[in-house]
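Data block below; observations after.
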Amino acid sequence: MSYDDQNIFAKILRGEIPNKTVYEDDHVLAFEDIQPQAPVHVLVIPKGPYKSMNEFSAEASDAEIVAWVRAIGKVAEIVEAKEPGYRLIVNNGEDAIQEVPHLHIHVLGGRRLGRMLQKAD
Ligand code: AMP
């Protein structure tokens, strides 16, 4: 399946719906999650049309990959989560229950986060 340019993050990137931006550069946008699961909950997305880590890891340029990884670190610093810590999550595909088909990494923190995984539904 090809990239769906009507997905919600594509609309955010085009400025069609608002977002609370935490960080932005040429390749990356980071913004607050609309339904935060922790006091800190930021999504960091590449600006390019990548559905998931599958496409991004195989097809993105080195510059895009470097920018995304660096941006994750910058966001952790901006939201003051480097200490005492934070969690990064990428839901990739159906088993991970990826809801939005544009690659995003969740940056979660601001409280003790508990165990990494729960039992499946
Ligand atoms: P995932 O299940 O990994 O695909 O996560 C999708 C995330 O996008 C969820 O945490 C949603 O709360 C978040 N989300 C959906 N729509 C928006 C929006 N308009 N602005 C910010 N976050 C959103």
Side-chain angles (χ1 to χ4, degrees):
M1 203 177 71
S2 60
Y3 180 79
D4 171 15
D5 67 5
Q6 293 306 306
N7 80 74
I8 196 109
F9 295 168
K11 291 180 180 177
I12 285 175
L13 284 168
R14 290 195 296 268
E16 293 168 9
I17 58 174
N19 75 92
K20 291 187 179 169
T21 299
V22 173
Y23 173 80
E24 182 169 15
D25 64 28
D26 286 351
H27 294 299
V28 180
L29 179 67
F31 53 94
E32 292 180 10
D33 195 290
I34 204 166
Q35 287 190 293
Q37 306 294 312
V40 168
H41 191 169
V42 177
L43 303 171
V44 186
I45 70 173
K47 289 186 172 176
Y50 302 104
K51 264 188 314 182
S52 71
M53 187 60 92
N54 298 347
E55 291 78 18
F56 189 71
S57 61
E59 297 163 17
S61 67
D62 290 0
E64 289 174 303
I65 292 170
V66 168
W68 189 63
V69 174
R70 294 252 192 255
I72 294 163
K74 284 176 189 158
V75 165
E77 189 162 0
I78 290 165
V79 300
E80 298 180 349
K82 284 177 103 171
E83 299 293 341
Y86 57 95
R87 181 169 293 155
L88 302 174
I89 298 174
V90 176
N91 293 318
N92 192 89
E94 194 177 337
D95 269 7
I97 319 182
Q98 179 181 357
E99 288 176 353
V100 179
H102 183 114
L103 173 63
H104 50 284
I105 191 163
H106 299 254
V107 181
L108 294 150
R111 66 167 168 80
R112 297 283 290 181
L113 293 166
R115 293 166 67 95
M116 190 166 70
L117 291 175
Q118 297 173 340
K119 284 185 180 172
D121 295 335

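One-based numbering, in listed order, for ligands and for the atoms of each. Bear in mind that the values here come from a model prediction, so they are computed numbers and not experimental data.
Scanning for salt bridge (charged side-chain N to carboxylate O under 4.0 Å, His left out) contacts around Arg115 gives an empty result, with sequence neighbours left out. Residues forming a side-chain contact (heavy atoms from CB on, under 4.5 Å) with Lys82 (at least two apart in sequence, or on another chain): Ala76, Glu77. For Glu59, there are no salt bridge (charged side-chain N to carboxylate O under 4.0 Å, His left out) partners, not counting sequence neighbours.
Arg112 CZ: 12 or fewer foreign heavy atoms inside a 6.0 Å radius. The environment of Gln118 atom CD is sparse: at most 12 non-hydrogen atoms of other residues, nucleotides or ligands sit within 6.0 angstrom.
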Which is it for Phe56 and Lys51 under the side chain to side chain contact (heavy atoms under 4.5 Å, CB included) test, yes or no, and what are the steps along the way? CA-CA 8 Å; Phe56 189 71; Lys51 264 188 314 182; over 6 Å; no
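Protein residues are said to neighbour a ligand when one of their heavy atoms lies under 4.0 Å from it; for ligand 1 these are Ile8, Phe9, Ile12, Phe31, Glu32, Asp33, Ile34, Gln35, Leu43, Asn91, Ile97, Gln98, Glu99, Val100, His104, His106.
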